[in-house]
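Chain A is the first sequence line, chain B the second, and so forth, proteins listed ahead of strands; every chain is numbered from 1. For clarity, every value in this text was computed on a predicted model and none was experimentally measured.
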Amino acid sequence: MAILSLVEVENLTCERAGRRVFRNLNFAVASGQVMTLEGANGAGKSSALRIIAGLLPQASGDVRLKMAAGYAVSDGDERARLTGWMGHTDGVKAQLTVEENALFFAALYGARINVAGVLDHVGLKRIAGIPSQYLSAGQRRRLGLARLILSNRPLWLLDEPLSSLDAAGRRLAAELIGEHCDDGGIAIVATHETLGLDAARFFLGPQ
Amino acid sequence: MKAFVALLTRDIRLAFRAGGGASLAAAFFALVSSLVPFGVGADLVLLGRIAGGILWVSAALAALLSLDRLFQADFEDGSLDVLALSPLNLEAASAAKILAHWITTGLPLVLLSPVLGLLLNLPTRAYGALIASLAIGTPALSGVGAIGAALTLSVRRGGLILALIVLPLITPALIFGASAVLDAMEDTGRGAFLFLAAFSVAAVALSPFASAAGVRLNVGG
C-alpha cells in the first residue's frame, strides 16, 4: 500500500445539473485519521466523496493527496488509483457467487491477499458458494468491505458504510476502518451515525 | 494484464449465467433468418441469392440484442465505479468488455452461420465468404455497439435509443459484408471484403477510446 501523509481539499465547489451543491469546502485529513462527513440529505456528502475519488469533476477548487514519499497527486485519474471505494451500491454481480465476486476483485486489484481469509474475516466464508443475488443487503455490504480490504488502497472513501449492517457488522466495519488507519491509512466516511471511533467531524452545511 | 483477463473472464462467465445474452443472440439470429423464407416464399433461387444479406441483417440485429446491458448492468450495480477506480484504465476495461461481447455474441453467430446458410440454400462456393465476412465483420458490430451502449448507459430503456444510434453506424459493415458474399457467388473480386476488413479494423481500434469517453461522461454526470 502506498502511504499517504495528507488529503487536502481546498476551496472545493461542486455543481450538479447546473445547481450549486456546496462551495469553498476546505479540510485536511492526515495519515492515520478518520474523518466523518456529516450533513443533511442533499448537502453533497456523496458528491464530495465522488469528487475526491476522481469520479466526478469539480466545478472549481483542488483536491491534493500528499504522499509520504514527498510528492503530491492532484489529477483525478491518479487519485482514483489510490482510492478504496464504498458507494451506495456495492459493485457486486448478482449472478456470480460470493467467492467469484471476491476472486474477481482480488484479480482486478492484483491483491496478494488470501481471498478465503478475507471472506472469513468479513463473515461470509460460510456462504462463499452461493450466488450473490441471494445475499441480504447487509451481506452485500460485507462483500463491499471485503473489496475494500482487497483493494489495498491508502485512502478509503466510504458512503454510508453502516447502512443495512447488523450490530456485529457495524462493529466489523468500525474495526476495519480503525485497523486501516492504524496502518497509516486515511478514511473519509459520509454517515449519519456514530462510528464508535475517534474521528474528526466535518459538517457540510446548506449554502 | 491480469486485471484485463479478470474482467474478460468475468464478462464471459456472466454472459453464460442466467440473464446473460450468449445463447439468446444465437437463438435470435437463427429465428430471424429462418423467418425470412416464410415471408418471401420458398423460391430456392431467390433465397440462395439473398441468403448472404438475410444472414448479415439478422447478425446485426442479434448483436444489438445484448448490447444495451453491456455497460448499463455494471452502471446500475456499482461495478462501473469499481472499474473506474481500478488499476485498469477505462479504455482497457472497455476493450475487455468489447472482446467479451464478441466472444459470447459474435463468435457463436459465425459458427452458426453455415447451418443457416444451408437452410437458405446458399450456393456452396459462398460458404467461405459468408464465414470469413462474419468473422471479420462481427467485431465491428461489437465495437460500434459498445460506443452506443456507453453513450446510453444512464438512459432508462436505452435499448431503443441504442438501436437508433448504432444501426446507421453499422450500415457499412452490412453493405460490404453482404456484398462480399455476393462477390463470392458471382466471382466478382474481393473489393467488398477488403472494405469490410478496413471498416472493421477502424471500428475496433477506435471503439475502446470512444466507449471509455462515453462511460466517463456518464459516471461523472
- If you tally heavy-atom pairs under 4.5 Å between each of B:D74, B:L90, B:T9 and chain A, the highest tally belongs to B:D74
- Message: For the interface with chain A, which of B:D81, B:N89, B:L88 has the highest count of heavy-atom pairs at distances below 4.5 Å?
- Response: B:D81
- Query: Does A:N11 offer a backbone N or O that forms a donor-acceptor pair with the side chain of A:N26 under 3.5 Å?
  - Reply: yes
Side-chain donor-acceptor contacts of residues 14-37 of chain B below 3.5 Å, not counting sequence neighbours, with atom names and distances?
{"from": "B:R17", "atom 1": "NH1", "to": "A:Q95", "atom 2": "O", "distance (Å)": "3.0"}
{"from": "B:R17", "atom 1": "NH1", "to": "A:E100", "atom 2": "OE1", "distance (Å)": "3.0"}
{"from": "B:R17", "atom 1": "NH2", "to": "A:E100", "atom 2": "OE2", "distance (Å)": "2.9"}
{"from": "B:S33", "atom 1": "OG", "to": "B:F29", "atom 2": "O", "distance (Å)": "2.6"}
{"from": "B:S33", "atom 1": "OG", "to": "B:A30", "atom 2": "O", "distance (Å)": "3.4"}
{"from": "B:S34", "atom 1": "OG", "to": "B:A30", "atom 2": "O", "distance (Å)": "2.6"}
{"from": "B:S34", "atom 1": "OG", "to": "B:L31", "atom 2": "O", "distance (Å)": "3.1"}

- Task: Please flag which part of A:R79 lies under 4.5 Å from any non-hydrogen atom of chain B: side chain, backbone, both or neither.
- Result: neither
- Between A:R140 and B:D77, is there a side-chain N and carboxylate O pair less than 4.0 Å apart? no
- Could A:K45 and A:D159 be called an ion pair, given the rule that one side-chain N must be under 4.0 Å from one carboxylate O? no
- Message: Assess whether a salt bridge exists between A:D166 and A:R142, defined as any Lys/Arg side-chain N lying under 4.0 Å from an Asp/Glu carboxylate O.
- Response: yes
- Item | Most contacts with chain B, counted as non-hydrogen pairs under 4.5 angstrom, among A:P131, A:A107, A:A106 | A:A107
- Has the side chain of A:R153 got a donor or acceptor atom that lies under 3.5 Å from a matching backbone atom of A:G84? no
- Which atoms form the tightest heavy-atom contact between B:I131 and B:S113, and what is the distance? CG1-OG, 4.1 Å
- Taking a cut-off of under 4.5 angstrom between non-hydrogen atoms, the residues of residues 138-164 of chain B near chain A are none
- Task: Take atom CZ of B:F195 as the centre, draw a 6.0 Å sphere, and report whether it contains more than 12 heavy atoms from other residues, nucleotides or ligands.
- Result: no
